[in-house]
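Have a look at the structure below before the remarks.
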Amino acid sequence: MTSDPRVKDAGRLSVEERVVVLEEARQASALVLTMVYQDGTTQMDPEQKLVPLVCGVLVLLKKDLEQTGPGLEERLAPGDSVVYLRLEQNPAWAQSHPDHNLDLFTREMLLQATSGSQLVVCYKAKELLRTALQHQRPHLQWKQVSSCQIQDPQVAAWLLDPADPSSCFSDLLSKHYRRPPALGASKVSQVLSSLSLLYRLNMELQSKLQAQELWELYFNLELLMIPVLAAMESHRIHVDKEALRRTSQMLGAQMKQLEQEAHQAAGQMFLVSSSTQLRTVLFEKLRLQHRCENKNLPKTLNKQKHSTSEATLLQLQDLHPLPRIILEYRQVHKIKSTFVDGILSCMRGKVRTQGGFTQPISESFISSTWHQTSAVTGRISAKHPNFQALPRQPVKITKKQYVQGKEPEVVTVHPRSMFIPQDGCTFLAADFCQVELRLLAHLSSDPELLRVFHSPQTDVFTTLASQWKGVNKNEVSSEDREHAKRIVYSVVYGAGRERLSGILGVSAEQAGHFQDSFLHCYREVQTFIHSTIQQCHKQGYVVSIMGRRRTLPHVHSADWAIRMQAERQAVNFVVQGSAADLCKMAMIRIFTTVSTSTSLSARLLAQLHDELLYEVDDSQVEEFAVLVKNTMESLQHIDCLGVHLKVPLKVAVSSGKSWGSMSELHLPQTSHSSSS
DNA sequence: AGTCTTTCCGTCAGG
DNA sequence: TCCTGACGGAAA
């Protein structure tokens, strides 16, 4: 890489030459970047199993934007130059020949790319940003890159077609621009032409976004999410590792015991974790299905076999002791494998290089990877671990004591309580209350639903339950309220009465009755569903409040089931996608405010769709809570994207010394809560 | 024929 | 009913 004459190796430039290159970078009309890994691949090569270590960054400095001509697409234009920045793996104090001028140059170049005002392009920009933040720590702070607007073809292509599984660079090239160049040339030549093509591809995607009216969403929302996500990944959450280890051991013992009980109840040995083997025991050996013919036992989705799901086992639990044991086993198994051992395994395997030696370390900090382009609805998702799926409620486990005169011991396990703030800090969570339902009220303009949200001091689902049941608000039980919630969402997302009856535990007839009465009470909701489907049929796609779109080719399918599914997806997308828009905008607004403040230091740790989790200095909790609440509720009106909601937004803020024990923070009323 | 890897399915945590 | 990701077993 560094022996090619077309590439300027920063390490071999003189101090004077570096000054010139830096000035050139500042004057360049565009910068195109890619990370280079130790195995010689770049960000534009197809994904590998194990992400190789980063060894440097290649920067293409484009002097002139409008250079076109035969053959120029994949070759360097005259006046363009390429600089290679080697990223030193060792800290400065451990280097044999520290070159402080080179460190400074690298830092300045990265700063120019991440906070400069000219056009910057990078495929998978979030990875580059996160690497820069980690590598330059503590010299490059996340606040410094908050205004960064690196363009990313992966994000652009996803907005154009969110259903397309985020494809590799060469797939994007052939889909949106032209055939990728044939292999054969040297690796350096390939990389250089890829950089040129990356620039061209970006220009092509830019005009496609403009043509589809997606440019504003891209530029004002999705691009600004990149630094937010990069910063979120570079903040680590403290985990009580010892508590996790103890819990793992305890759950292991509990599983062994439940396994024995299951074998005894079944009268044979079998693999308790296998749904196939359990099916054989329950329905071929014990023949439990014959003893509950009045009930409608669920079947598996593909091959119409008896299901062994939770719903089935709950129906069978009075006939035999086995189903209850299995339910408990599954609960313990899920907690142990995914939320205790799973989390522990995400903390291992990281390596830190120290004085030339690479040694495995086991820190008690963790950070997820956040994905911007993996959900069709525009939501973000998390992996390794999946922070968005940690159990909300603690789980009770009864340990039977085989000692005379001892009562069974009840232990509660709560994975969220393993996450704790750093010393002197507090967790603060901000939750958008019933965003999807509020958006439904806005989208449908249903007068009754709007009225519910405009009358303050009432719980929405309680009001809904009282309206549709025709009883007084204080006569509504918590069960009624829960039912109201289920009914609302089942209607909006097109669930049949069968499905609803399964969830509520009532007859299908009664479930159907509930649905009818809901739609009768809120007529415009029905109209909204119909018009959304109609619009999808007419133009082939649907749009969220901020202009996010999803094309649904299957609405034209001749197959009834396929077509109906596409129609449900259309309705769901408009509501869920709009909620995603709002939540992203909230993250960006808060990020910008904190970044431009000299005193605030709150860090975003996680996003749980409609909830944001921050780590805040103890002394700033109140101030930040007010800021977050006001910022989020003010999103009722967003001028730059033309959003004006007919409903007020409500945000609940809570804080605590562990993620498992958060209590609501009651703040003074603000002006937004009574706006109309 | 036994072992390894990959893919699919069922189940369940979240919203 | 929609949208995710993780895990373990079964099949390929």
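Side chains included, hydrogens not; waters and symmetry mates left out as well; all remaining heavy atoms used.
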Under 3.5 Å, is there a donor-acceptor pair linking the side chains of A:Ser663 and A:Ser654?
no
Distance, rounded to the nearest Å, where A:Lys383 contributes NZ and C:dC7 contributes C1'
15 Å
Taking only the side-chain nitrogens and oxygens of A:Ser374, find out if one of them lies under 4.0 Å from OP1 or OP2 of C:dG5.
yes
Write down the distance between NE2 (A:His371) and C1' (C:dC3), rounded to a whole number of angstrom.
16 Å
Contact class for A:Tyr489 vs. all strands (heavy atom < 4.0 Å): base, sugar-phosphate, or nothing?
base
A:Gln569 atom CD is separated from C:dT4 atom P, nearest whole Å, by 9 Å
Among C:dG5, C:dT1, C:dA10, the one nearest A:Ala495 by side-chain distance
C:dT1
Check the phosphate of C:dG5 against A:Ser381, side-chain N and O only, distance under 4.0 Å to OP1 or OP2. Yes or no?
yes
Between A:Ser490 and C:dT1, does any side-chain N or O lie under 4.0 Å from OP1 or OP2?
no
Specify the separation, in whole Å, of atom CG of A:Leu271 and atom C1' of C:dC7.
14 Å
Quick test: give all pairs of protein nitrogen or oxygen and nucleotides 11-15 of chain B nitrogen or oxygen below 3.5 Å, distance rounded to 0.1 Å.
{"residue": "B:dT11", "atom": "OP1", "partner": "A:Thr308", "partner atom": "N", "Å": "2.7"}
{"residue": "B:dT11", "atom": "OP1", "partner": "A:Thr308", "partner atom": "OG1", "Å": "2.8"}
{"residue": "B:dT11", "atom": "OP2", "partner": "A:Ser307", "partner atom": "OG", "Å": "3.4"}
{"residue": "B:dT11", "atom": "O3'", "partner": "A:Arg330", "partner atom": "NH1", "Å": "3.3"}
{"residue": "B:dC12", "atom": "OP1", "partner": "A:Arg330", "partner atom": "NH1", "Å": "3.2"}
{"residue": "B:dC12", "atom": "OP2", "partner": "A:Glu310", "partner atom": "N", "Å": "3.1"}
{"residue": "B:dC12", "atom": "O2", "partner": "A:Lys334", "partner atom": "NZ", "Å": "2.8"}
{"residue": "B:dG14", "atom": "OP1", "partner": "A:Arg392", "partner atom": "N", "Å": "2.9"}
{"residue": "B:dG14", "atom": "O4'", "partner": "A:Gln388", "partner atom": "O", "Å": "3.4"}
{"residue": "B:dG15", "atom": "OP1", "partner": "A:Arg392", "partner atom": "NE", "Å": "2.5"}
{"residue": "B:dG15", "atom": "OP1", "partner": "A:Arg392", "partner atom": "NH2", "Å": "2.9"}
{"residue": "B:dG15", "atom": "O3'", "partner": "A:Asp610", "partner atom": "OD1", "Å": "2.9"}
{"residue": "B:dG15", "atom": "O3'", "partner": "A:Asp610", "partner atom": "OD2", "Å": "2.7"}
{"residue": "B:dG15", "atom": "N2", "partner": "A:Arg379", "partner atom": "NH2", "Å": "3.4"}
{"residue": "B:dG15", "atom": "N2", "partner": "A:Gln576", "partner atom": "NE2", "Å": "3.1"}
{"residue": "B:dG15", "atom": "N3", "partner": "A:Arg379", "partner atom": "NH2", "Å": "2.9"}

Just N and O in the side chain of A:Gln515: are any of them under 4.0 Å from OP1 or OP2 of C:dT1?
no
Would you classify A:Arg550 as touching base, sugar-phosphate or nothing, given that sugar-phosphate means primed atoms plus P, OP1 and OP2, and contacts are heavy atoms under 4.0 Å?
sugar-phosphate
Specify the residue among A:His384 and A:Thr377 whose closest nucleotide of DNA chain C lies further upstream toward the 5′ end.
A:Thr377
Evaluation steps, side chain to side chain contact (heavy atoms under 4.5 Å, CB included), between A:His442 and A:Ile545:
CA-CA 10 Å; A:His442 166 78; A:Ile545 47 166; 4.3 Å; yes
Looking across every strand, which nucleic acid part, if any, lies under 4.0 Å from A:Val492 by heavy atom: base, sugar-phosphate, or nothing?
nothing
Taking atom P of C:dC3 as reference, at what distance in whole Å does atom CZ of A:Arg568 sit?
9 Å
Here the distance between atom C1' of C:dC3 and atom CZ of A:Arg548, to the nearest Å, is 13 Å
Stepwise salt bridge (Lys or Arg N to Asp or Glu O under 4.0 Å) check, A:Glu127 with A:Arg130:
CA-CA 5 Å; A:Glu127 316 302 325; A:Arg130 192 203 343 98; 2.4 Å; yes
Just checking A:Phe387 against A:Phe419, ring centres under 6.0 Å apart?
yes
Got a salt bridge between A:Arg548 and A:Asp581, using NZ or NE/NH1/NH2 to carboxylate O under 4.0 Å?
yes
Cation-pi, A:Tyr541 ring and A:Arg549 (6.0 angstrom, 45 degrees)
yes
Value in whole Å for how far the P atom of C:dT1 lies from CG of A:Leu500:
10 Å
Could you tell me whether A:Arg523 and A:Asp446 have a side-chain N and a carboxylate O separated by less than 4.0 Å?
no
Between P on C:dC2 and CG on A:Leu439, what's the gap in Å once rounded to a whole number?
20 Å
Quick one: are the ring centres of A:Phe514 and A:Phe518 less than 6.0 Å apart?
no
Check every strand shown and say whether A:Ala382 touches a base, only sugar-phosphate, or nothing at a heavy-atom separation below 4.0 Å.
sugar-phosphate
